[in-house]
Amino acid sequence: MTEYWGVKAEDIFNTMKDRFRVEGAKGVDAVFGYDIEGAGKWKLTVKNDSMEVEKTDDLSGCVTIMKANEENFIGVNIGKVDATNAFMSGKVKLEGDMGTFGKTTKMFKKYVPAKKVMGTGDYIQDMFSTLVARFQPQGASGLDVSITYNIGGEGGGVWTAYIKDGKCELKTGQPDKPTTKLNVNEAKDWVDVMLGKTDPFSLLSAGRASIEGKTEIALKLGEIFAKYAPKIKEFTTKDYILDMFGTLVQRFQPKGAADLDATITYDIGGEGGGKWTAYIKDGKCELKEGQPEKPTTKLCVNEAKDWVDVMLGKTDPFSLLSAGRASIEGQTAIALKLGEIFSKYIPPSSGGEAEKEELLVLKKTISVNQRFATGPIMGRFLNALKEKKIFTNKCPKCGRVHLPAREVCAECRIPATEWLEVGPKGQVRYMEYVYFSSPDPLTGETRETPYGMLNILLDGCIGNDTFAHLVRRDQINLIKNGRNDVAGTRVRPVWNEKRVGSIFDIKYFEIDE
Amino acid sequence: MSHRKKNRNVGIIGIGQTRFSSHREDVNQPEMIHEAVSAALKDAGLAMKDIDCIVHGNMELFEMVHQPDCWHTLGTGAYGKESFRITTGGTVGATLSCAADNLVASGMYDIVMAIGFEKLQEGHTTGGITNMADPLWFRNLQTGALTGSKAYDMISEFGEERAKKASVMYRIIMDKHAVKNPMAHRAFGLEFEQLDDLVRTSPKLVGDLKLIEMCSQSDGACVVIFAEEKTAKKISKKPVWIRDHITVHREETFILFGYDEKHPVPMTHRFAAENLYKRNNIKEPLEYFDVFEMYDPASWWAVDWIRDFFQLKDDEHLKLVENKEIMIGGKMPINPSGGVIASNPIGATALVRIAEAALQIRGDAGDHQIPTEVKHALASGFGGTMWTVLTMLEKDLNW
Ligand SMILES: [Zn+2]
């Protein structure tokens with residue numbers, strides 16, 4: 001079994017139970033098979049509101065079997081492979097009843113690969129593997145130094161950056177006498193520094209880190225290397241919140257806060273939340289956790305997720321306020337000035353896929369009541385159905401017998417005046433055997449498949465002027481088409497008890513023997 | 001049928017297409033159309049001020065936008081211009097071309113821009129098609145554009161194995177063309193070795209019509225600019241001349257298929273081709289034309305229609321497909337673009353046929369250009385219950 005995009009085929013089957021949607025499985029009673037080349041076979045049994053999935057070699061009794069290789073199966077499930085393309089080009093195959101299988105798409109929530117949580121070791125690896133890429137020659141002009149990082153604890157190690165002539169090279173280990181050496185006792189602390197959760201000076205003053213050699217080089221690290229940013233896709237709400245507050249002081253804009261002497265408390269609830277207060281005075285800003293007794297302004301947000309969305313520009317704060325999901329205490333005017341006091345939060349994106357600008361899709365559903373006048377000719381035809389009769393008319397010139405009745409013969413351009421009763425029995429000339437469940441145009445519901453639509457040459461009719469209607473569902477496989485002088489299966493209409501002058505006064509046709 | 005010669009000759013001087021795709025959520029309708037409008041203007045070396053009149057068309061029912069041309073003025077540049085809106089179903093793109101041709105030929109306008117578009121993902125195609133059926137009668141029963149009846153007809157006539165293989169062979173050839181066309185929506189990279197496998201395993205939709213054999217639903221737009229002879233020669237180095245076009249349609253009916261040879265069903269395709277060739281004195285269309293861009297909604301229909309459009313007999317059409325004579329480089333290349341089966345932005349689709357035929361004549365089709373000189377091209381449109389529009393395009397003004 002191989003991983004594709006970090007997912008194994010079995011991950012998809014093993015999560016089916018959790019992803020099962022009872023409402024999507026209503027009325028389904030079927031067994032589906034999955035034959036995934038290279039990974040094995042699975043059997044999915046669905047019975048109304050329950051489901052079982054098992055790995056098995058025996059796919060007998062399945063109404064439909066899906067066949068694909070691992071890559072295509074996983075790709076389609078996680079949206080990396082276009083499902084329609086894969087299906088149409090035969091990379092994903094369905095054997096058996098396609099219509100019923102189609103319901104499985106409504107039966108499960110989308111598979112979302114479990115987020116890989118980055119550990120300290122992963123971060124350390126990622127930081128050093130991106131170090132050279134983050135090197136900024138303009139920040140290191142004229143430098144000829146070696147900087148050793150000596151990181152202790154779990155996930156730690158020793159690396160040295162050799163910087164010369166505007167170039168940077170990274171090696172593990174250290175030279176005899178590095179220009180500057182950074183010692184950090186615990187890798188975890190260094191990760192926190194890099195993620196902006198701790199500041200390096202508190203580590204130094206607490207004796208959890210030390211600098212040997214030239215200290216001024218260490219102070220220049222922020223210029224020599226661009227800020228480390230973990231891949232954006234792995235950012236959780238908590239990461240965002242920490243990053244936002246970790247960068248708040250940097251984003252402070254003194255000219256937007258001139259003459260301001262205020263404390264602004266952020267009280268963020270929910271997972272990843274917390275309480276922070278920005279103390280602003282004399283054009284300076286300091287951030288502390290917690291809150292003073294009476295902050296000038298207090299912003300309360302019920303859910304950290306909402307605040308992240310506001311900061312990322314996905315939600316506007318006013319809709320949160322009006323929905324009661326956020327509130328402001330104290331001086332509201334200061335809250336409205338936040339955009340001037342702090343520059344816009346920009347999420348880290350280096351190393352990760354930049355998030356595309358979100359495009360809007362506006363959803364609409366239209367439902368229209370319509371009334372159509374039948375006119376006297378179609379009116380007579382439809383009215384006769386109430387009496388269990390099928391009436392039609394004949395072209396006086398070419399003899400064509402229209403079905404249904406028509407106002408004029410379109411070919412001869414003259415009124416079809418002669419009325420005659422035909423059928424109601426007849427022979428099948430052709431049946432559309434419909435496997436594909438397209439929606440019923442009148443209800444929007446997906447029709448049960450397979451079903452059959454007949455073209456019936458009613459007794460008394462001639463040529464190709466056939467009458468279209470449905471066939472009794474359980475007789476689809478018994479219908480034979482007619483051609484030339486060979487007659488097709490004889491059928492008769494089954495009438496509705498209550499008839500209103502509609503084509504569905506006939507329920508369907510059934511075999512007449 | 002009375003038909004007069006044109007008042008003035010008309011040439012195509014500008015062509016623009018968007019990429020066809022089922023994922024154009026990145027733009028709205030006017031923005032998408034604007035892509036094709038700009039491309040066509042650039043191709044012609046014109047600015048919007050040079051356009052005298054605009055004809056605009058699509059299928060209103062598909063997106064449920066009434067008079068989209070008003071909204072689209074933002075993308076079409078039609079503000080203050082003479083403007084017509086046309087919608088004739090699947091044929092609309094071809095009808096746009098006919099209208100533009102007639103408007104210029106009449107002397108009313110010197111330069112006319114035809115705009116066809118569709119954004120099928122924004123509406124409901126099957127719902128739209130269903131609503132075109134007679135509401136008193138057939139709407140309740142029909143299921144959109146899918147039918148297995150042509151497969152049934154061909155299987156009855158040529159036997160199951162040969163008919164099924166011909167249909168999938170046609171499909172693979174179209175895919176081989178589509179992979180050469182960067183605008184194409186569906187280009188799978190199918191191989192001839194997959195033929196038997198696809199015949200056996202591609203899921204059935206209706207009867208023997210299989211999923212692989214049916215066209216896609218695409219978003220996209222196509223713009224073609226028409227000009228009268230003097231203007232066309234002045235503006236364009238390679239104007240492509242519209243020699244003639246014909247439209248044939250019949251009553252809304254689903255009696256399309258012949259179950260009884262004593263009562264032949266009048267086929268609009270054959271009828272249209274016959275009349276078009278007669279009045280242009282084309283005796284052997286298969287010899288005369290160098291390329292055919294056909295509106296092929298499904299491969300069964302496509303194979304069968306080759307017989308109608310070229311006035312062939314018996315199994316001549318099957319042989320053309322089986323011997324790969326319809327491929328680029330073959331005797332009668334059909335749809336070097338990949339055809340409708342690869343890309344189907346319905347309101348643009350039939351105009352794309354004309355645009356692609358013109359590109360072939362100009363020699364500007366890129367990777368899917370036919371290697372030999374293309375002098376005479378045929379393009380078809382199809383819609384509703386067997387509507388047909390045929391357009392003849394010429395390299396030289398010498399008929
Ligand atoms: Zn008649």
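For the numbers below, each heavy atom of this structure counts, side chains included, while hydrogens, waters and symmetry mates do not. Chain naming here is simple, since letters A, B, ... match the order of the sequence lines and numbering starts at 1 in each.
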At a 4.5 Å cut-off on heavy atoms, which part of A:Leu457 comes close to chain B: side chain, backbone, both, or neither? neither
Between A:Ala86 and chain B, which part of the residue has a heavy atom less than 4.5 Å away: side chain, backbone, both or neither? neither
Let me know if A:Met88 has heavy atoms under 4.5 Å from chain B in its side chain, its backbone, both or neither. both
Count the heavy atoms of every other residue, nucleotide or ligand shown that sit under 6.0 Å from NE2 of B:His269, and state whether that count exceeds 12. yes
So CG of A:Asn464 and NZ of B:Lys262: to nearest 0.5 Å the spacing works out to 11.0 Å
Side chain, backbone, both or neither: which part of B:Leu205 has an atom under 4.5 Å from a heavy atom of chain A? both
Ranked by heavy-atom pairs below 4.5 Å to chain B, first place among A:Pro450, A:Gly463, A:Gly375 goes to A:Gly463
Under 3.5 Å: donor-acceptor pair, side chain of A:Glu432, backbone of B:Gly207: no
Heaviest contributor of heavy-atom pairs below 4.5 Å to chain B, chosen from A:Leu94, A:Asn484, A:Thr374, A:Asp485, is A:Asn484
Ranking A:Ala468, A:Gly90, A:Pro404 by heavy-atom pairs under 4.5 Å to chain B gives rank one to A:Pro404
For a quick test of reading the model, state the closest non-hydrogen atom pair linking A:Arg483 to B:Asp153 and the distance between them. NH1-OD1, 3.5 Å
Tell me, yes or no, whether the heavy-atom count around A:Lys394 atom NZ, taken from other residues, nucleotides or ligands under 6.0 Å, exceeds 12. no
To the nearest 0.5 Å, what is the distance between OG on B:Ser149 and CZ on A:Arg429? 14.0 Å
Which portion of B:Asp197 sits near chain A, non-hydrogen atoms under 4.5 angstrom: side chain
Under 4.5 Å, counting heavy-atom pairs only, tell me which of A:Glu95, A:Lys93, A:His469, A:Met378 racks up the most with chain B. A:Lys93
Residues in residues 182-196 of chain B that sit under 4.5 Å from chain A, counting heavy atoms only: B:Arg186, B:Phe188, B:Leu190, B:Gln194
Contacting region of A:Asn481 [heavy-atom separation from chain B under 4.5 Å]: both
Once rounded to the nearest 0.5 Å, what's the spacing between atom OH of A:Tyr433 and atom CG of B:Leu209? 15.0 Å
